[in-house]
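Read the structure below first, then the notes.
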2 protein chains.
Amino acid sequence: MFTLSEENYLKAIYHLESDSNKGISTNAIAKSLETKASSVTDMVKKLSEKEVVIYKKYQGVTLTELGKKTAANIVRKHRLWEVFLVEKLNFSWDEVHEVAEQLEHIKSPKLINQLDSLLGFPTHDPHGDPIPDKDGNVNTVDKILLSTLSKNEKGICVGVNDSSSEFLRFLDKKKITLGKKITVLEREDFDDSLFIEIDGEKLSISKKIANNLYIKK
Amino acid sequence: MFTLSEENYLKAIYHLESDSNKGISTNAIAKSLETKASSVTDMVKKLSEKEVVIYKKYQGVTLTELGKKTAANIVRKHRLWEVFLVEKLNFSWDEVHEVAEQLEHIKSPKLINQLDSLLGFPTHDPHGDPIPDKDGNVNTVDKILLSTLSKNEKGICVGVNDSSSEFLRFLDKKKITLGKKITVLEREDFDDSLFIEIDGEKLSISKKIANNLYIKK
DNA sequence: ATAATTTTTTAGACAAGTCTAAAAATAATG
DNA sequence: CATTATTTTTAGACTTGTCTAAAAAATTAT
């Protein structure tokens, strides 16, 4: 069994690993957990003893198979709870993260299995992120950033890169939700903004927005 | 805000207070939390600083109004989650306690309000215990122990005194569930057992069982 | 009412997880 | 390649919540 703190470290390393393919530096972990590198060193030694990470001094850490499975299970719980909050408890997608951060640490396999079933075995959370299965396998889709679309290309909105409340509420305001079709009508070279059509509405989208919206062609 | 440990102390004191009407001894708290009296003394000082208990050395502790409200809110969460587990996730009444012990510490007022609504604003948990309202008020019913019924008296089964898995599974086996009508056909003086009728079935019930089942006349 | 017993508190220690400050190793630069 | 600069680790300290052992207070019994 893992402590709350250990679980948070595992999750952080898991997410960092999916971005890079090398060992994760203590500094990177410290930044992501808003703690100090010295604390990370201590914890990483402990996780290494528990055989969920491989750690050699000054070399960064990588998750072992056990570590990956453990971390994926926490992410699975987090995302299932997010679906629950939105589908069953009328939370909006910008409100779920904080609560799911707490719920993800509840220990009860039956609880999660039954929740999964109650929700109809969802494959993605409210932000479009895939929900790992019981064995920790993730169904990765070939989604691309909206910003990579050329003029006159279309795609379905399938996820967000930034899931901060501010960004999500912005999308709500603009009626941009997952599943909608987006067409790029124009690309403005001088500021890399896009002029798009969604739901019959035409609107301008900044580079920053386009860099945080995932599309499936 | 309160730590996990503080919340567990508050809950323990809350439950102990409902049984007795004097200050709660450190020993009693220690027993109920399976810890040592010295640890209780330390924690009780902390809770006193936070103004949720009144504590004078060697005099035991009592909850302040704030303490009562805080504790009742934790109990409210515990019991709502128990209803959720039984009603929505197909848990049986002997499986819910342990998971609810974890879920009761999740901090999110919206979560609890929405859960309450999803469940149809239940008034009692699966064991018949009342669910405190948002202000911490509890609807106490005039329930009595089955063992206090005389021959030929009837009542509705409304709760359990002992909610251990063993006892609850025993009741399941005997098809004794909340809401059912029980008639005392006979009282055996030599061992204080009862011969009862429930659902048209006649069966014998030991003193111990009769002392752990609540009835409403 | 004094002695014996029990309960409660104090004092000091320990583990987990964190921090700061300093030392050691690695990486970057001229 | 020698010297900065950066990153990482170590050492020691602090907090929370716990424990044991001993002292102090309260209770019970003789």
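All chains are named by letter (A, B, ...) in the order of the sequence lines, taking the proteins before the strands, and each is independently numbered beginning at 1.
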Measure from the side-chain heavy atoms of A/Thr35 and tell me the nearest of D/dT18, C/dC19, C/dT8.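 Looking only at side-chain atoms, A/Thr35 lies closest to C/dC19.
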
Are a donor atom and an acceptor atom from the side chains of B/Ser92 and B/Asp94 found within less than 3.5 Å of each other?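 There is such a pair between these side chains.
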
Within the structure provided, determine whether [X] and [Y] are in side-chain contact (heavy-atom separation under 4.5 Å).
X	Y	answer
B/Ile209	B/Phe167	yes
A/Leu178	A/Trp93	yes
A/Leu80	A/Pro122	yes
B/Phe91	A/Ser108	yes

Ignoring hydrogens, what is the shortest heavy-atom contact between B/Glu153 and B/Ser150? Give both atom names and the distance.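 It is OE1-N, 2.7 Å.
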
[X] [atom1] to [N] [atom2], straight-line distance once rounded to whole Å:
X	N	atom1	atom2	answer
B/Met43	D/dT16	CE	C1'	8 Å
A/Lys36	D/dT7	NZ	P	14 Å
A/Lys56	D/dT7	NZ	P	22 Å
A/Ile29	D/dT9	CD1	C1'	14 Å

Report which part of the nucleic acid A/Thr26 touches: base, sugar-phosphate, or nothing (heavy-atom distance under 4.0 Å, all strands).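 It contacts sugar-phosphate atoms only.
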
Is the gap between the ring centers of A/His127 and A/His97 under 6.0 Å?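 Distance test on ring centres: not under 6.0 Å, no.
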
Check: C/dT20 base within 3.5 Å donor-acceptor of A/Ser38 side chain: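 Answer yes: a donor N or O sits under 3.5 Å from an acceptor.
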
Answer yes or no: does a side-chain N or O of B/Tyr55 lie under 4.0 Å from OP1 or OP2 of C/dT8?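 No, because none of the side-chain N or O atoms of B/Tyr55 sits under 4.0 Å from OP1 or OP2 of C/dT8.
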
Between B/Asn27 and C/dT8, is there a side-chain N or O to OP1/OP2 distance below 4.0 Å?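 For C/dT8, OP1 or OP2 has a side-chain N or O of B/Asn27 closer than 4.0 Å.
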
N/O contacts under 3.5 Å, protein versus nucleotides 1-4 of chain C?
none

If you apply the rule salt bridge (Lys or Arg N to Asp or Glu O under 4.0 Å), what do you find for B/Lys107 with B/Glu7, and how did you get there? CA-CA 12 Å; B/Lys107 277 150 187 84; B/Glu7 290 196 346; 3.0 Å; yes

I'd like to know if A/Glu104 and A/Arg79 make a salt bridge, using a cut-off of under 4.0 Å between side-chain N and carboxylate O.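 So A/Glu104 does not pair with A/Arg79 through a salt bridge.
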
Every protein N/O within reach of nucleotides 22-28 of chain C N/O, cut-off under 3.5 Å:
from   : atom 1 : to      : atom 2 : distance (Å)
C/dA25 : O4'    : A/Tyr58 : OH     : 3.4

So if I take residues 5-13 of chain B and measure heavy-atom distances to DNA chain C, which residues fall below 4.0 Å?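 Those residues whose heavy atoms fall under 4.0 Å from DNA chain C, taken from residues 5-13 of chain B, amount to none.
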
